[in-house]
Amino acid sequence: MASAVIRLVRRPAAALLIARSCRHVRQLSHHMLPGGLVCSKPARELTMLLPRASPYQMWSRSFASENGDLVDAVVPFMGESITDGTLATFLKKPGDRVEVDEPIAQIETDKVTIDVNSPEAGIIQKFVAKEGDTVTPGTKVAVISKSYPSDTHVAPSDDKVVKDAQPPSPPTGAPQPTPPTEKIDKQVLKEEGSTKEKPKVPSAATLPKTSPSEPQLPPKERERRVPMPRLRKRVATRLKDSQNTFAMLTTFNEVDMTNLMKLRSEYKDAFVEKHGVKLGLMSGFVKAAVSGLQNQPIINAVIDGDDIIYRDYVDISIAVGTPKGLVVPVIRNAGRLNFAGIEKEINNLAKKANNGTISIDEMAGGTFTISNGGVYGSLLSTPIINPPQSAILGMHSIVSRPMVVDGNIIPRPMMYVALTYDHRLIDGREAVFFLRRIKDVVEDPRRLLLDL
């Protein structure tokens with residue numbers, strides 16, 4: 001066995017192949033040269049000693065990682081409930097310079113968009129995956145070279161070879177001889193152009209006639225087929241599962257927004273000055289929903305098999321529409337927060353949702369959902385329950401309508417509110433009482449102070 005290895009090493013091609021196979025070694029301490037010479041120089045310096053015409057010089061161009069400067073950018077951990085994602089887009093191109101932890105690609109999952117960051121500062125050498133591929137945590141996406149482009153050996157370009165192969169151009173001022181074949185071709189083309197006939201215009205009688213009963217469908221060229229994003233797929237699946245699972249029923253009421261809007265108008269400047277956040281209408285509805293859930297605990301419960309789970313905490317989910325789809329971040333322990341705390345949490349979660357930086361933990365759970373379609377101008381709707389919850393409150397736009405107040409018809413800012421609930425668990429009595437509590441608290445916020 002030893003003699004066979006010695007014979008193999010004495011061959012120049014085999015000796016260099018053995019040295020080349022040790023890619024994981026940064027500094028090869030011994031290299032076998034033709035004739036059995038031994039040296040302790042790096043592989044790059046060794047190959048430069050070989051003749052330029054030899055095949056070993058071409059092999060040496062692929063020593064890109066002999067200094068250990070290549071690192072892989074892989075898909076990070078995406079969450080306990082997420083097993084894979086779709087490589088949505090690359091934020092960089094091969095050859096771009098990146099810094100440590102700079103995003104180079106985005107992974108789209110069922111719930112959030114996750115960035116793939118560069119593990120080291122360097123140059124993007126190549127992308128291993130392609131846009132649209134399904135990837136899992138640990139999948140290699142790109143190869144990063146920590147060295148600068150000047151540190152790498154680049155093969156001579158083809159343009160230089162082509163330029164070297166071209167003959168020298170004649171000096172300026174010398175007449176350019178015209179090949180005889182070019183004169184013949186020009187004469188033939190001129191004769192053919194003169195003998196060509198003009199194209200015939202089809203008359204109306206020769207055009208195909210279509211039956212007036214046949215539908216005129218738009219051409220396929222005017223249609224576009226694009227893959228559905230994973231977030232949209234997830235939303236579609238959950239909404240359809242909700243319709244197939246729950247016995248959904250919706251009840252409505254209308255709320256006079258005069259007092260809540262007056263409260264916000266009077267204290268908005270002082271509120272911003274003290275808390276650093278604007279006073280909106282959503283915090284009033286969150287506080288009203290917390291009060292209603294405490295008065296009607298069945299609205300906060302959920303069916304689990306043959307059991308009913310009563311939850312003694314209130315986590316309010318807020319539906320937020322983003323360019324990539326609908327997300328529902330959660331306000332934890334909403335019953336313990338005041339108006340300022342609720343407004344700060346809503347603003348923080350809304351910014352993260354629109355920027356695509358919201359995490360899985362910030363959307364997990366939730367015992368009750370509020371959806372505000374009024375920001376888009378919706379006058380009335382029947383929202384769909386967000387499983388595994390049992391009810392959802394729908395807010396709508398504020399419209400000035402004539403109302404009878406103390407026997408007089410006066411304009412009032414009115415909002416329709418809707419409660420969709422699971423009729424398997426919640427009866428109409430509890431649903432109406434809950435929505436009535438929302439109406440009472442919003443129309444007179446002083447009830448919260450007096451616990452009435």
Side-chain angles (χ1 to χ4, degrees), residues 111 255 257 259-261 263-264 266-268 270-302 304 308-320 327-353 357-372 383 385-395 417 419 421 425-426 430-431 433-452:
K111 299 180 180 180
V255 178
M257 301 292 296
N259 291 331
L260 186 60
M261 294 176 66
L263 179 69
R264 183 181 66 170
E266 290 180 357
Y267 295 101
K268 61 180 182 180
F271 193 87
V272 172
E273 183 179 353
K274 180 176 181 180
H275 302 289
V277 65
K278 293 182 179 180
L279 177 61
L281 299 178
M282 183 63 72
S283 57
F285 276 90
V286 171
K287 296 293 290 186
V290 170
S291 178
L293 293 173
Q294 292 172 348
N295 290 345
Q296 302 294 331
I298 193 66
I299 307 292
N300 205 41
V302 66
D304 185 16
I308 299 176
I309 300 177
Y310 286 90
R311 292 173 284 203
D312 297 331
Y313 59 94
V314 178
D315 289 347
I316 302 294
S317 303
I318 306 295
V320 179
V327 295
V328 191
V330 181
I331 302 176
R332 306 290 180 189
N333 298 316
R336 301 179 183 178
L337 300 176
N338 56 12
F339 281 80
I342 294 174
E343 291 292 347
K344 291 178 180 178
E345 193 68 16
I346 291 175
N347 289 345
N348 182 35
L349 294 174
K351 289 180 181 179
K352 289 184 177 181
T357 58
I358 193 167
S359 64
I360 298 296
D361 295 337
E362 291 172 321
M363 295 190 297
T367 62
F368 183 78
T369 298
I370 299 178
S371 176
N372 187 7
I385 298 174
N386 179 27
Q389 301 172 11
S390 298
I392 180 173
L393 175 68
M395 299 170 54
V417 291
L419 178 70
Y421 58 96
L425 176 65
I426 304 169
E430 286 82 7
F433 282 171
F434 173 83
L435 205 56
R436 181 69 188 187
R437 180 61 181 175
I438 297 288
K439 174 182 173 65
D440 292 341
V441 171
V442 173
E443 290 184 345
D444 189 2
R446 294 173 297 180
R447 290 176 175 269
L448 295 174
L449 300 177
L450 302 176
D451 194 17
L452 297 177

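Atoms considered below: every heavy atom in the structure, side chains included; atoms not considered: hydrogens, waters and symmetry mates.
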Nearest 0.5 Å, what's the [atom1]-[atom2] distance between [X] and [Y]?
X: R437; Y: Q294; atom1: CZ; atom2: CD; value: 9.0 Å
X: L419; Y: I299; atom1: CG; atom2: CD1; value: 6.0 Å
X: L349; Y: I358; atom1: CG; atom2: CD1; value: 5.5 Å
X: I342; Y: N338; atom1: CD1; atom2: CG; value: 7.0 Å
X: N295; Y: R436; atom1: CG; atom2: CZ; value: 13.5 Å
X: L260; Y: D444; atom1: CG; atom2: CG; value: 10.5 Å

Counting only N and O atoms by type, is there a donor-acceptor contact under 3.5 Å from the side chain of [X] to the main-chain atoms of [Y]?
X: E430; Y: I298; value: no
X: S390; Y: A301; value: yes
X: D315; Y: R332; value: no
X: R311; Y: N300; value: yes

Does the side chain of [X] reach to within under 4.5 Å of the side chain of [Y], using non-hydrogen atoms?
X: P329; Y: K352; answer: no
X: V255; Y: E443; answer: yes
X: K439; Y: V417; answer: no
X: F339; Y: L448; answer: yes

If you compare all heavy atoms of [X] against all heavy atoms of [Y], which two are closest, and at what distance to 0.1 Å?
X: I385; Y: A391; answer: CG2-N, 4.0 Å
X: G365; Y: S317; answer: O-OG, 4.1 Å
X: V442; Y: A288; answer: CG2-CB, 4.0 Å
X: D440; Y: R447; answer: O-CD, 3.6 Å
X: V302; Y: P388; answer: CG2-O, 2.7 Å

Identify every side-chain donor-acceptor pair in residues 272-287 under 3.5 Å, counting partners at least two apart or on other chains, and give the distances.
| unit_1 | atom_1 | unit_2 | atom_2 | d |
| --- | --- | --- | --- | --- |
| S283 | OG | G280 | O | 3.3 |
| S283 | OG | E343 | OE2 | 2.7 |
| K287 | NZ | L337 | O | 3.0 |

Just checking F434 against F368, ring centres under 6.0 Å apart?
yes

Across all chains, not counting sequence neighbours, the salt bridge (charged side-chain N to carboxylate O under 4.0 Å, His left out) partners of D361 are none

In a check of side-chain contact (heavy atoms from CB on, under 4.5 Å) between I316 and each of V330, I370, L393, which one passes?
I370

